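The structure appears below as structure tokens.
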There are 2 protein chains.
Amino acid sequence: MEKKKIELSESCRKSIQGIKDTQDLLSGKWKAAIVGALFYNGKFRFMDLSRHIVGIAPKVLSKELKDLEMNHLVKRTVLDTMPITVEYELTSQGKSLHKIIEAMGEWGIRYRKSLLRK
Amino acid sequence: MEKKKIELSESCRKSIQGIKDTQDLLSGKWKAAIVGALFYNGKFRFMDLSRHIVGIAPKVLSKELKDLEMNHLVKRTVLDTMPITVEYELTSQGKSLHKIIEAMGEWGIRYRKSLLRK
DNA sequence: TACACCTGTTACCTATTGGTAAGTAGTTAC
DNA sequence: GTAACTACTTACCAATAGGTAACAGGTGTA
């Protein structure tokens with residue numbers, strides 16, 4: 001009996017690894033949405049983010065932003081205002097996620113519509 | 001003191017919701033990679049998948065495939081062979097994720113290269 | 001003085017995720 | 001008859017994710 005060995009090409013293996021890497025950086029319930037909000041709005045202060053990412057707790061938002069900052073996707077800037085305010089924005093690395101973010105937004109909207117049709 | 005009310009447009013809010021919906025369906029460490037493998041290869045049997053998604057345990061693969069099947073992204077077909085084999089492939093709904101998957105693959109590859117340059 | 005707003009932190013808890021190791025049940029090859 | 005292949009499942013466990021609620025330490029406003 002002949003054995004079929006399925007061998008993925010080098011480029012496929014690299015792509016799958018790339019998908020995993022990307023997924024790791026955007027892991028969890030909120031990170032992609034946070035990047036999306038920053039992408040659509042440009043800059044956000046902590047409280048504004050927490051108001052627009054509906055349902056996120058400050059503790060969780062804080063942790064997610066730290067993760068994103070650590071991976072150089074988000075930049076945190078403390079402004080010398082009274083009271084102090086902090087601005088979050090995407091780095092150029094973060095902005096380079098735009099294809100993914102836009103595709104996810106569009107797909108999600110279509111998916112939701114397709115569920116309603118049923 | 002004037003208050004700035006940051007109001008996202010309806011379309012932005014919808015996009016953020018879409019991103020969250022998409023993220024929910026592709027949640028976890030492996031789902032995006034599984035969809036990617038099926039996207040690049042077309043069809044896969046259980047054991048072939050577990051060989052190509054390096055590191056995944058059969059229990060976890062089984063659970064992820066069930067989740068994806070439940071959300072109509074993956075189709076499971078039992079073939080009447082000896083021994084029985086099972087094929088997994090993307091549904092048309094699953095195939096419609098291609099933009100996201102390709103973008104994730106490309107971004108991940110670039111990201112990895114940018115890390116090596118440092 | 002009391003309250004509100006800023007950006008978070010801390011303590012605590014639970015549910016889920018993801019992992020290991022082994023087993024099940026049928027078929028085929030040596 | 002025994003080992004190996006197919007596709008899983010089961011029992012068990014540890015780490016993490018993510019949630020609630022309260023609070024901290026600063027400034028400004030009534």
Side-chain angles (χ1 to χ4, degrees), chain A residues 1-6 19-21 23-35 37-38 41 43-71 74-89, chain B residues 1-6 19-21 23-35 37-38 41 43-71 74-89:
Chain A
M1 175 184 174
E2 146 200 34
K3 283 250 169 160
K4 274 188 256 176
K5 272 193 212 169
I6 296 184
I19 292 167
K20 276 181 67 180
D21 290 346
Q23 179 82 340
D24 282 350
L25 292 186
L26 295 180
S27 64
K29 198 172 163 183
W30 302 104
K31 288 200 191 71
I34 292 171
V35 172
L38 292 174
N41 198 67
K43 289 181 180 179
F44 259 129
R45 290 181 303 157
F46 189 84
M47 284 309 284
D48 288 325
L49 260 178
S50 81
R51 272 191 279 264
H52 289 289
I53 312 285
V54 180
I56 195 168
K59 180 200 116 172
V60 177
L61 177 56
S62 170
K63 188 239 174 195
E64 299 292 59
L65 285 169
K66 271 181 198 161
D67 288 352
L68 290 169
E69 206 191 337
M70 214 162 40
N71 289 318
V74 160
K75 189 178 139 204
R76 180 180 184 273
T77 312
V78 178
L79 299 179
D80 193 16
T81 52
M82 295 297 173
I84 261 180
T85 51
V86 181
E87 264 180 9
Y88 292 91
E89 62 189 312
Chain B
M1 175 183 172
E2 148 200 34
K3 283 254 167 155
K4 273 188 259 177
K5 271 195 214 166
I6 296 183
I19 292 167
K20 277 180 65 179
D21 290 347
Q23 179 82 338
D24 282 352
L25 292 186
L26 295 180
S27 64
K29 197 172 163 181
W30 302 104
K31 287 199 192 73
I34 292 170
V35 172
L38 293 173
N41 198 68
K43 288 180 181 180
F44 259 129
R45 290 181 304 156
F46 188 86
M47 286 307 284
D48 287 325
L49 260 178
S50 81
R51 272 191 280 265
H52 288 289
I53 311 285
V54 180
I56 196 168
K59 180 200 115 171
V60 177
L61 178 56
S62 170
K63 188 240 174 195
E64 298 292 59
L65 285 169
K66 269 181 198 160
D67 287 352
L68 290 169
E69 206 192 337
M70 214 160 41
N71 290 316
V74 161
K75 189 178 141 203
R76 181 179 184 274
T77 313
V78 179
L79 299 179
D80 192 16
T81 53
M82 295 300 174
I84 261 180
T85 51
V86 182
E87 264 180 9
Y88 293 92
E89 61 190 312

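Every chain is numbered from 1 and lettered A, B, ... according to where its sequence line falls, protein lines coming before strand lines. Given the structure is predicted, the values throughout are model-derived calculations rather than measurements.
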Generate the contact string for nucleotides 10-26 of chain D. Rules: B means base contact, S means sugar-phosphate contact only, - means no protein heavy atom under 4.0 Å.
BB-----SBBB------
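For B:Q23 (side chain) and A:L26 (main-chain N/O), a donor-acceptor pair under 3.5 Å exists by modelled atom type.
In this structure, A:L49 atom CG and C:dC6 atom P are separated by 13 Å, rounded to whole Å. B:I53 places its CD1 atom 17 Å from the C1' atom of D:dA7, with the value rounded to the nearest Å. One interatomic measurement links the two molecules: NZ of A:K20 to P of C:dG18, which rounds to 12 Å at whole-angstrom precision.
Candidate nucleotides C:dC6, C:dT9, D:dA7 were compared by shortest atom distance to the side chain of A:R51, and C:dC6 ranks first. Closest contact between the side chain of B:M47 and the listed nucleotides D:dT6, C:dG8, C:dT9 involves D:dT6.
Considering only residues two or more places apart in sequence or on other chains, A:T81 meets the side-chain hydrogen bond (donor to acceptor under 3.5 Å, both in side chains) condition with A:T85.
Phosphate contact (OP1/OP2 of D:dT9, side-chain N/O of B:S62, threshold under 4.0 Å): present.
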Using distance only, find each side-chain donor-acceptor pair of residues 55-64 of chain B under 3.5 Å and give its atom names and separation, not counting sequence neighbours.
residue : atom : partner : partner atom : Å
B:K63   : NZ   : B:D67   : OD2          : 3.3
B:E64   : OE1  : B:K31   : NZ           : 3.2

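Salt bridge status for A:K43 with A:E87: present, with a side-chain N to carboxylate O gap under 4.0 Å.
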Walk me through it: do B:V74 and B:E89 pass the test side chain to side chain contact (heavy atoms under 4.5 Å, CB included)?
CA-CA 6 Å; B:V74 161; B:E89 61 190 312; over 6 Å; no
Show your reasoning for whether side chain to side chain contact (heavy atoms under 4.5 Å, CB included) applies to A:I34 and A:L68.
CA-CA 9 Å; A:I34 292 171; A:L68 290 169; 3.9 Å; yes
